[in-house]
Number of protein chains: 2
Amino acid sequence: MFTLAEENYLKAIFHLENDYGTGVSTNAIADKMDTRASSATDMIQKLADKKVISYQKYKGASLTKKGKSIAVNIIRKHRLWEVFLVEKLDFQWDEVHEIAEQLEHIKSDELIQRLDLFLGNPDFDPHGDPIPDKNGYIKPTEKKLLSKLKKNQQGICVGVKESSAKFLQYLDTRKIGIGSSIKVIDKEDFDQSMTIQVSNKQFFITKQISENLYLKTI
Amino acid sequence: MFTLAEENYLKAIFHLENDYGTGVSTNAIADKMDTRASSATDMIQKLADKKVISYQKYKGASLTKKGKSIAVNIIRKHRLWEVFLVEKLDFQWDEVHEIAEQLEHIKSDELIQRLDLFLGNPDFDPHGDPIPDKNGYIKPTEKKLLSKLKKNQQGICVGVKESSAKFLQYLDTRKIGIGSSIKVIDKEDFDQSMTIQVSNKQFFITKQISENLYLKTI
DNA sequence: TTTATTTTTTAGGCTTGTCTAAATTTTAAG
DNA sequence: CTTAAAATTTAGACAAGCCTAAAAAATAAA
Ligand SMILES: [Mn+2]
Ligand SMILES: [Mn+2]
Ligand SMILES: [Mn+2]
Ligand SMILES: [Mn+2]
């Protein structure tokens, strides 16, 4: 059985490997966990002892099959609970992450299986992130950052890269959400800023925004 | 803010004061928490420092107003989650306690308020225990142990004193649940055993059973 | 290819919550 | 009232997770 801290480290390593490739540095882990490098080293050594990561001194860490499976299961729980909070309890998408951070550690396979059923076996969480199935399989989806689109291209918003409350609230003010149709009206070469159209309204966004919105192009 | 361990001790002290009166002994607490007396003493001292119990060396502990309020809130959360598990996820009443023991520590007032609403502001949990309202008020209900009934008296089962999975499963085999109508057909003076009737079936129960079933007499 | 900088690990400490063993206090017996 | 037993507290230790400061290794610069 794994402690809350261990589970959080495994999840962090999973996301880091996902985002930046295999072999995660001590500093990267410490950064993500908001702890000191020495604390990260301690935990890395413990996780290596438990065979959930492979690790050689100074060479970074990678999840083993077992470690990955644990991490994915936590992510599955996190995302299912987020769906519950939004779909059943009417929370907004910017309010659910912190609560799901707690709920993801509740230990009961039966609970998650029943929750999944209760929610109608959803494929995505409120932020557009895919929900791994009970075997840990994550269906690959083709999605593209808005920043990669050229003038006159368009698509449907299917996810956010950043999912901080701040960013999500910004999107709310612009009426952008999962399912929104977005078209690039104009793109500035110099700073990658864009004018986009969202349901007959046009406005200006910076690169920082377009780099955090995933679209499915049509 | 209170740690998980602190919350569990507060809850234990609340239940002990409820069951056996004010001023709870170190041993009683250690017993309920399944720890050693020395560990209980450590925690008692910490909780006294935090002003959530009043305590004098060798004299036992009692919850302060603040401590009681924290304890009741945890119990509220526990019971609401139990309702959720049974009503929404179709768990049996003997399967929910352990999961609720975890869920009761999730920290979010908003979550509990919304959960309460989602469940239709239930008054009782699946074991017949009252759910404190958000101000910590517990509506007093008149209920009587089956063991107190005399021959030919009857009532409706409104709760269980013991709520171990074992006991609940025993009740299931006899088709006894919340709402069941129970009549005392015969009572043996010597050992307090009874013959009872539950929906046109009669059977024999020991004192140990009748002392753990709450009825509302009619 | 040395030297300087950055990254990582180690050493030693702290807090929480637990334990065993021993000391102390209270309560029960004689 | 004195002694024995039971309850409670204290002392000292340990694991988990974190920290700071210092040492060691890897990487970058000169
Ligand atoms: Mn989240
Ligand atoms: Mn999410
Ligand atoms: Mn319960
Ligand atoms: Mn209950």
Side-chain angles (χ1 to χ4, degrees), chain A residues 1-14 16-17 19-63 67 70-71 74 101-102 104-105 107, chain B residues 1-14 16-17 19-63 67 70-71 74 101-102 104-105 107:
Chain A
M1 210 42 51
F2 290 83
T3 66
L4 190 140
E6 288 168 346
E7 288 188 348
N8 281 332
Y9 272 93
L10 287 173
K11 192 173 50 131
I13 296 167
F14 176 86
L16 289 167
E17 280 199 276
D19 291 354
Y20 309 110
T22 199
V24 181
S25 76
T26 300
N27 269 354
I29 295 170
D31 228 64
K32 183 142 247 180
M33 292 301 298
D34 203 24
T35 59
R36 298 304 178 142
S38 55
S39 306
T41 299
D42 285 348
M43 184 56 88
I44 288 167
Q45 289 170 344
K46 195 176 0 154
L47 294 175
D49 287 348
K50 290 195 170 192
K51 315 281 190 199
V52 287
I53 63 176
S54 56
Y55 163 69
Q56 297 175 80
K57 265 190 192 181
Y58 296 101
K59 302 291 179 186
S62 300
L63 294 177
I70 293 165
I74 296 163
E101 284 290 307
Q102 300 179 61
E104 70 188 6
H105 300 289
K107 284 170 180 60
Chain B
M1 211 41 51
F2 290 83
T3 66
L4 190 139
E6 288 167 346
E7 288 189 348
N8 281 332
Y9 272 92
L10 287 174
K11 191 172 50 130
I13 296 167
F14 176 86
L16 289 167
E17 280 200 276
D19 292 354
Y20 309 109
T22 198
V24 181
S25 76
T26 299
N27 269 353
I29 295 170
D31 229 63
K32 182 142 248 180
M33 292 301 298
D34 202 25
T35 59
R36 298 304 179 149
S38 54
S39 307
T41 298
D42 284 348
M43 184 58 87
I44 288 167
Q45 289 171 346
K46 193 174 4 152
L47 293 175
D49 287 348
K50 290 195 170 192
K51 315 282 190 198
V52 287
I53 63 175
S54 56
Y55 163 69
Q56 295 174 82
K57 265 193 191 178
Y58 297 101
K59 301 292 178 185
S62 301
L63 293 178
I70 293 166
I74 296 163
E101 284 291 307
Q102 300 178 60
E104 71 188 7
H105 300 289
K107 283 169 181 61

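When reading the values below, keep in mind they use all heavy atoms of this one structure, side chains included, and skip hydrogens, waters and symmetry mates. To find a chain, count down the sequence lines: A is the first, B the second, and so on, and within it residues start at 1.
Scored by the side chain to side chain contact (heavy atoms under 4.5 Å, CB included) test, A:Lys59 finds A:Gln56 as partners (sequence neighbours excluded). The side chain to side chain contact (heavy atoms under 4.5 Å, CB included) check on B:Glu6 picks up B:Phe2, B:Thr3, B:Met43, B:Lys46, B:Leu47, B:Lys50, with sequence neighbours excluded. Annotation: side chain to side chain contact (heavy atoms under 4.5 Å, CB included) contacts of B:Lys51 (sequence neighbours excluded): none. For the side chain to side chain contact (heavy atoms under 4.5 Å, CB included) test, residues two or more places apart in sequence or in another chain that qualify with A:Lys57 are A:Tyr55.
Between the CG atom of B:Leu4 and the C1' atom of C:dT16 there is a distance of 12 Å, rounded to whole Å. Regarding A:Gln56, its CD atom lies at a distance of 11 Å from the P atom of D:dA26, rounded to whole Å. Atoms NZ (A:Lys59) and C1' (C:dT8) sit 12 Å apart, rounded to a whole Å. Going from atom CG of A:Leu47 over to atom P of D:dC18 covers 11 Å, rounded to whole Å. Atom CD1 in B:Ile44 sits about 11 Å away from atom P in D:dT10, given to the nearest Å. C:dA11 atom P lies 10 Å from atom CD of A:Gln45, rounded to whole Å. In this entry the distance linking CG of A:Asn8 with C1' of D:dC18 reads 14 Å, nearest Å. Distance CG (A:Asp49) to C1' (D:dA16): 14 Å, rounded to an integer number of Å.
A:Lys57 has a side-chain polar atom (N or O) that falls below the 4.0 Å cut-off from OP1 or OP2 of C:dT10.
A heavy-atom distance below 4.0 Å to DNA chain C is reached by these residues of residues 21-31 of chain A, ordered by number: A:Ser25, A:Thr26, A:Asn27.
The side-chain hydrogen bond (donor to acceptor under 3.5 Å, both in side chains) analysis of residues 22-42 of chain B, with sequence neighbours excluded, yields the pairs B:Tyr9-B:Thr35, B:Glu17-B:Thr22, B:Thr22-B:Ser62.
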Inset, instruction - At under 4.0 Å between heavy atoms, which parts of nucleotides 18-24 of chain C does protein reach? Answer with one letter per nucleotide, 5' to 3': B base, S sugar-phosphate only, - none. - result: BBB---B
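You'll find the side chain of B:Asn8 reaches within 4.5 Å of the side chain of B:Lys11, heavy atoms only.
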